[in-house]
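Note that the coordinates shown come from a computational prediction; the quantities given were computed from them, not determined experimentally. Residue numbers start from 1 in every chain, and the chains themselves are labelled A, B, ... in the order their sequence lines are given, proteins ahead of strands.
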Amino acid sequence: MRRSRAFIPTTKEAPNDATLPSHIFLARAGFISQVSSGLYNYMPLAKRVIKKIENIINEEMSKVGAQEVELSFVTPADLWAESGRIEKFGKELLRFRDRKENLFVLGPTHEEMMVDLVRNRVTSYKNLPLNLYQIKTKFRDEARPRFGLMRGREFIMKDGYSFHATTEDLDREFDAMEAAYKKILTRLGLDFRVVEADSGAIGGSGSKELMVIADSGEDTIAICSKCEYGANIEAASRSGRGAIPEAPEAEFNKFLTPDTSSIDDLAEFFKIDPYYTVKCVAKKVIYEDEIEVVLFFMRGCDNLQEVKAINATDALDIEDVSEEELRELGLTPGFIGPLDQDKAKHVIDTDLKNAQNMICGANEQDYHFVGVDLSVISEVAYFAEIAEVNEGDTCPHCDGELSFRKGIEVGHIFKLGTTYSEALKAEFLDENGKAQPFIMGTYGMGVSRLVAAIIEQHHDESGCIWTKQSAPYMVNVMVSNIKDEEQLKVGEDLYERLQNAGVEVMLDDRKDRFGFKMKDAELIGFPYTVVVGKELVNGSVQIFDRATKEKTTVAIDEVFDKLMELIK
RNA sequence: CGGGGUGUAGCUCAGUAUGGUUAGAGUACUUGGUUUGGGACCAAGGGGCCGAAGGUUCGAGUCCUUUCACCCCGACCA
């Protein structure tokens, strides 16, 4: 492509609403333009990057025997009613009626459609397993789209669905998909981590997220310093903690502790580590048809992890509760403890099981119990893992230490089980001629989000730095001064030769000055720019490496071979 | 959905407290000339229903009311 003919509207200034590097640079370099909240136009460069990613996905999917399909974007609302998700998805589902007043939704994900496609067409165990996928625009009417391509309402996702006769076969496929996804991200040149994820709400026996490591990521993940373990903070667990402070030994007693309603006050009052205090976090727990106040107890040094709390109580959701509401129940906020108190349901963190030398609220204004031995309630109380892990805690699989990172969730793979096949009555006949629901897996990968993730991980102050496998063009041949006929000729020749060799190459043949064109090349982020300019008098040109910003002088007759070697 | 902010040229923004020529700058764009190794210079141009609707006024970008859009923090997010 000739730069003089290309539609690449670069700008010096970023749109005022862009905050993340990926958003700023993709907009400035002429990849995307915003249409409305969460909606973007992809311009030629972005389209090329998207195709690159799609090709890699297609290749890896093909290797593991997954077949590509394409399901309709507009889906009948009936299907969503059948699975029950029309309620659950709520306002994120964009609904509308056609001219005959039939209700439709724009597909936010395609479990229903895919199950509908397969049911009554695949009816025998002999035709299983089956893995179908598509790469397609999705629409979710997000409450708050943000960060450019990172969280749009309209976005491109690869979504795959597998169908199995046995859970063992699903496990095998799940592992194969994890491997394929890792391969895709590795090929794209990304630093990522596969982490364990929460899968409570959707059910199923497990899910993993693929996280691209980047400071701007919206998810926090805990990773082990020694082994492969990694988990979303919502699902992370620990086997212990770093250093356990010295225990404050005391006889069991009730103590007057005025004005110590917070853990900090309490620890200060007794001059002890918060580790030996019991924290109470009261929440309103929402069930389908009732709302209940539940008291969550954990060590004072820990925090409640809400997703774990929801899973522990089988709730739909959890909300804050006010002090007034607690008082109405007869509770004393700031002094609530798990002993001698049955005003509300308790959930106690497993780390408190049999805990000794604890200090907890006495359920009486200005009083705490000291020297508490929680083993007295360990038989009767409900224990669950509800505390969030902390940095420095011990890995659940080895003796390594956990630390936190920020990640961008670019993939999520799920063992779905029979949730959808049962809801939609999608069954096959097994060896015994008995009808069984399909056992399913689902595998998502955010294609447009990957475009942003690549830049979040690969950029500098000058702009984008595309990895070789994701670059819209591999080589940019820049003629420094097109009025210099020799420069232009050498540039044109190299451009043609590279093109004939199948290299994706841009020829910057614009009538602008050197500096302008260099800044532009850096902003766009071509992996290599060949500068045909001043050094031509010595019979050489320069190869500019975008990642390192280093210029290497190369003789004209060697530059082609050198480039072919670099781009391998 | 709660809290905050912003809408003026393609883009980034002044101007609005105190209403008053023909609404500005930078950048981008067009034309001519000079320049050609790090977003050049000179000159001349084109480009605006000042987010929308209603109101107050002799007069509204500016004041009042309503409304829409977008952004940020939070809630939410298979």
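- Under 3.5 Å, the side chain of A:Glu535 and the base of B:rG37 form no donor-acceptor pair of N or O atoms.
- Heavy-atom neighbours of A:Lys562 NZ from other residues, nucleotides or ligands within 6.0 Å: at or below the threshold of 12.
- Rounded to a whole angstrom, the distance from the C1' atom of B:rU62 to that of B:rG51 is 16 Å.
- Computed from coordinates, the A:Asn16 CG to B:rU8 P distance equals 9 Å when rounded to whole Å.
- In this structure, B:rC70 forms a base pair with B:rG5, meeting either the Watson-Crick or the G-U wobble geometry with both donor-acceptor distances under 3.5 Å.
- Atom CZ of A:Phe516 and atom P of B:rG39 are 11 Å apart (whole Å).
- Note on A:Pro15: only backbone sugar-phosphate atoms sit closer than 4.0 angstrom, heavy atoms only; bases stay farther off.
- In this structure, the NZ atom of A:Lys517 is 11 Å from the P atom of B:rG37, given to the nearest Å.
- Here A:Glu218 lies out of heavy-atom contact (under 4.0 Å) with every strand.
- Between the side chain of A:Lys551 and the base of B:rG38, at least one donor-acceptor pair of N or O atoms lies under 3.5 Å.
- Here the side chains of A:Lys549 and A:Phe544 are in contact, with some heavy-atom distance below 4.5 Å.
- Salt bridge A:Glu456/A:Arg449: absent, no basic N to carboxylate O contact under 4.0 Å.
- We find that CD of A:Glu92 is positioned 13 Å from C1' of B:rC1, with the value rounded to whole Å.
- At a threshold of 4.0 angstrom between heavy atoms, the contacts of A:Arg510 with the nucleic acid are absent.
- B:rU21 and B:rA28 have their P atoms separated by 31 Å, with the value rounded to a whole Å.
- Note on A:Gln487: every side-chain N or O is 4.0 Å or more away from OP1 and OP2 of B:rU36.
- Across the protein-nucleic acid pair, A:Glu13 atom CD and B:rC11 atom C1' stand 7 Å apart, rounded to whole Å.
- Distances were taken from every side-chain heavy atom of A:Arg513 (C-beta onward) to each of B:rU36, B:rG38, B:rC70; the shortest belongs to B:rU36.
- A:Arg144 contributes no side-chain N or O that forms a donor-acceptor pair with the base of B:rG4 under 3.5 Å.
- Here A:Gln542 lies in heavy-atom contact (under 4.0 Å) with a base.
- OP1 or OP2 of B:rU27 has not a single side-chain nitrogen or oxygen of A:Thr11 nearer than 4.0 Å.
- Among the heavy atoms of the strands lying under 4.0 Å from A:Leu523 is at least one base atom, whether or not backbone atoms are also near.
- Residues A:Lys406 and A:Asp219 are not paired through a salt bridge, judged by the lack of any N-O separation under 4.0 Å between the basic side chain and the carboxylate.
- Between A:Asp520 and A:Ala18, the residue anchored closer to the 5' end of RNA chain B is A:Asp520, taking for each the nucleotide with the nearest heavy atom.
- Side-chain nitrogen and oxygen atoms of A:Ser36 include at least one within less than 4.0 Å of the OP1 or OP2 phosphate oxygen of B:rC70.
- When the C1' atom of B:rU34 is taken as reference, atom CG of A:Asn481 falls 13 Å away, rounded to whole Å.
- In this entry B:rU35 has no Watson-Crick or G-U wobble partner, no candidate having both defining distances under 3.5 Å.
- Residue-level contact check: A:Met157 touches the bases, meaning some heavy atom is under 4.0 Å from a base atom.
- B:rG74 atom C1' lies 12 Å from atom CZ of A:Phe147, rounded to whole Å.
- Classified by its glycosidic torsion, B:rA69 falls in the anti category, the angle being over 90° from 0.
- Atom CE of A:Met150 is separated from atom C1' of B:rC77 by 15 Å (rounded to the nearest Å).
- Using a 4.0 Å heavy-atom distance criterion, A:Glu319 is classed as making no nucleic acid contact.
- If you check every strand for non-hydrogen atoms under 4.0 Å, A:Ser37 touches sugar and phosphate atoms only.
- Using a 4.0 Å heavy-atom cutoff across all strands shown, A:Lys483 reaches at least one base atom of the nucleic acid.
- Under the Watson-Crick or G-U wobble criterion, with both distances below 3.5 Å, B:rA17 has no partner in any strand shown.
- In the interface, the side chain of A:Lys12 is not paired with the base of B:rU27 through any donor and acceptor atom under 3.5 Å apart.
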